[in-house]
Amino acid sequence: MVGSENNQLASKTPFVSNNAFGSVSDMLTRIFAAAFSEMGIASELGKVVISERRDLSNYQCNGALAAARELKQNPRQIAEKIIDLVRKSQEREIFSTLSIDGPGFINIKLSDKFLIRTLRSLQQNKIIAPLPANELKHTMVDFGGANIAKPMHVGHLRTTLLGDCLQRLCRFLGLKVTSDTHLGDWGTQMGMLIAEMRHKFPELPYFKSDFNGPYPTESPVTIEDLEALYPQASKRCQSDKESMAQALYETTQLQNGVPYARALWQHFVNVSIKALKEDFAALGVYFDLWKGESDIHDRIPAILERLKKEGHAVTSNGALVIPLQDPTGKEEIPPLLLVKSDGAYLYGTTDVATLEERLEDLHVEQLWHVVDKRQSLHFKQFFLAARQIGMAGPNIQLEHIAFGTVNGPDRKPFKTRTGGVMKLKELIHQATDEARKRLAEMRAAADYDAAEREEIAKAVGIAALKYGDLMHDHNTDYVFDLEKFSRFEGRTGPYVLYAAVRIKAILRKAKEQSLAVGPITTITGIERELMLELLRLPDILYSTYHKRMPNYLCDYAYDLAYNFNRFYLECHILSEKDEDLRSSWLGLCDLCLFELETVLSLLGIDVPERM
RNA sequence: GCGCCCAUAGCUCAGCUGGAUAGAGCGCUUGGCUUCGAACCAAGAGGUCGUGAGUUCGAAUCUUACUGGGCGUACCA
């Protein structure tokens, strides 16, 4: 029979393989898909999802309803047959009940045996199955959006946290990842800075035409100087044509590699990178590469030549552009500009050259740009151009991971009280302050020494900040409310952290009392909910990856913490007299901590030992 | 003008392929600590899912028109 073959097929792809724990809903889907196809119905309809009616089931399959429309049959009868087939399969011991409710929903309850067996294997190995081999693409995450001479501010928060979460998640799921900030270290802004330096400090050796010796190894400016210099330079050039001409002149000197300009520029870059690394480090964010626009500058002429020769790039209104055709033919897409009429390169030019480098030298297969959604037209143009000129083939994934603005209570982009741009450093300080305040209010950690208290405040502050940001769907704007994010009640980082710390406290006490942390063996009541929650981890990780939606991780972390708190309240673990039950519960605590810490670490949040 | 996105409880937000009674947190009302950290938990009130029409057995979800808001629209990034 076809059917038994299908069932065997399903059982040959266990969701626990090589000790690695996979998706339960995928595993159930395989079983149901086999049953659907055995009935001659499209197997896609066998999709099993986590139940929306927790009171009725753990998982559900709605495929019979859709099948009923195609087959023009009664959905309940179809569901009946599906259930019969599943009951006959080798997998029947997974289920405690399979029932049909409403118009034809198949409600699935898992057996205790299955639940215990599965969690025990996870408990032993603590390995989550990586993505299937064909999905393990070399992924580049381009995020952070750092620039020379410009401080990191609140506008960099989302790209940094989102990008970092994505790179952590990809690595966790077995992908090869290369992250790159792609510094804005080239172009007119750099010329403007040099011109400003010449204007203010003409006595520096860089500006002496008769200077022969090597230029100083010490930077003439600090990061603070640079940050102050940049707005002045920018303002001067905007208001004064003469200054702009000077800036363009310096830009040319730099691009032609004239020593004084290069030397000065190198100082700017060094000083800036040092400061940027500190900013990122304060958030626990690290990059594999610190490439910049300057790195690909030399590639540009050859690319432009080729594009002109191949007819991809044409002159239009004095500029060199790639005309774009919308594949759907519906809308008109403005061309991608490569060279301005004054000869300067643009955003799109460096993007194309950088893409070439990433594809040819680094062999990246998947490229994610984590950038403000206001730039979506640019990325649409850039990606389309990359396809049109044949640079990115069909196997290359290009994606703009767009995010909305961080708003203040007035729903306008977040500002300081005085109306200025909030620096990232300042934001982290405020988060730490808020956490410190909360901890003091609750008289928490009062008996710890000052250094530990400070460390805890930092950890809690970062958790509040990161969770508060990442919990929101990145496609939309959100209201930044530090006071709210820092609460220990509700859907916040500190709440989740608290649950994890509670577990650590129990495990510590258990160890002190030499109580065994054993395999999970029993289900008595409320902990079943927690166990079902624990079963979802792989599903959550995979869907977070596939949708590129870290907010799923945040939701899940909260659900875990909440379910643990319920279990904790109801079951008094350490005082439990039944040794087996106690060690089973301790095992459950340990597993829950493992999952919480896993999810939090993907969000970039560390759990302190106590708080 | 054209294009993209958004509109869900008093507030901030979820809502996975079109599915059952639209969820959560905060706030509000009420209840639970001689026991592992009450920084917790439980219960309740609160909704014409922006408006109208359409597709469907079934729409917050898909189509369409409209209203209100955000953003972008060739030489900035």
Side-chain angles (χ1 to χ4, degrees), chain A residues 25 44-45 47 49-53 55-56 60 62-63 65-66 68-69 75 101-105 107 145 147 184 187-189 293 316-321 330-348 350-351 371-378 380-381 402 404-405 407 409 411-412 438-439 441-444 471-473 475-479 481 484 487-492 494-495 497-499 501-503 505-510 513 539 543 546-547 549 551-552 554-555 558-559 562 564-566 568-576 589 610-611:
Chain A
S25 62
E44 295 82 65
L45 295 181
K47 179 145 186 181
V49 295
I50 289 159
S51 179
E52 287 185 33
R53 289 288 302 269
D55 51 328
L56 298 178
Q60 66 182 109
N62 302 339
L65 289 161
R69 176 163 22 187
D101 298 284
F105 300 103
N107 276 317
N147 289 299
T188 321
Q189 313 101 310
E293 287 165 2
S316 165
N317 296 333
L320 186 70
V321 307
K330 286 213 158 183
E331 59 175 308
E332 242 172 78
I333 300 176
L336 185 75
L337 268 86
L338 295 175
V339 185
K340 302 205 306 190
S341 44
D342 68 1
Y345 300 149
L346 290 120
Y347 195 18
T350 50
D351 272 348
V371 179
D372 192 319
K373 71 177 175 188
R374 283 174 291 197
Q375 289 181 39
S376 42
L377 177 59
H378 167 75
K380 193 176 188 176
Q381 294 173 284
T405 52
N407 291 338
R411 295 201 154 264
K412 298 213 170 114
R438 294 287 167 140
L439 290 163
E441 269 171 21
M442 294 178 300
R443 290 196 214 90
M471 71 184 285
H472 296 98
D473 176 350
N475 295 300
T476 59
D477 302 344
Y478 77 90
V479 176
D481 185 344
K484 187 173 133 187
R487 288 183 195 162
F488 284 72
E489 308 85 28
R491 283 184 177 271
T492 68
Y495 172 92
L497 221 49
Y498 171 60
V501 168
R502 253 182 161 179
I503 302 175
I506 292 174
L507 293 173
R508 203 162 42 230
K509 284 210 170 124
Q513 298 169 33
D539 275 323
S543 57
H546 286 121
K547 301 252 173 181
M549 296 281 256
N551 55 314
Y552 290 179
C554 292
D555 285 350
Y558 177 83
D559 291 342
Y562 168 73
F564 173 78
N565 279 333
R566 290 183 65 188
Y568 172 89
L569 191 81
E570 190 146 320
C571 306
H572 202 267
I573 300 157
L574 293 180
S575 66
E576 176 56 44
C589 287
R610 50 182 199 170
M611 29 192 289

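In this text the structure is predicted, and so the values were computed from the model without any measurement. Convention: sequence-line order gives letters A, B, ...; per-chain numbering from 1.
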Nearest to side-chain heavy atoms of A:P335, which nucleotide of B:rA74, B:rU17, B:rC40: B:rA74

Per A:L377 side chain, nearest of listed nucleotides B:rC40, B:rA24, B:rU73: B:rU73

A:M549 CE - B:rC16 C1' separation (whole Å): 9 Å

A:E293 side, atom CD; A:T350 side, atom OG1 - distance, nearest 0.5 Å: 4.5 Å

Minimum-distance nucleotide to A:R566 side chain [options: B:rC76, B:rG15, B:rC41]: B:rC41

Ring-on-base stacking B:rG19 with A:F105 (under 5.5 Å, under 30°): no

Nucleotide of B:rA20, B:rA38, B:rG25 approaching A:Y498 most closely (side-chain heavy atoms): B:rA38

For atom CZ of A:R491 and atom P of B:rG27, their distance in whole Å: 15 Å

Nucleotide nearest A:D55 (side chain, heavy atoms from C-beta), chosen from B:rU21, B:rC16, B:rA20: B:rU21

Euclidean distance, atom OH of residue A:Y562 to atom C1' of B:rA14 [Å, nearest integer]: 16 Å

RNA chain B: 5'-proximal contact among A:K47 and A:H572 (nearest heavy atom): A:K47

Upstream residue (5' side of RNA chain B) when A:Q381 and A:Y347 are each assigned their closest nucleotide: A:Q381

Heavy-atom check, side chain of A:N551 versus side chain of A:H472, under 4.5 Å: no

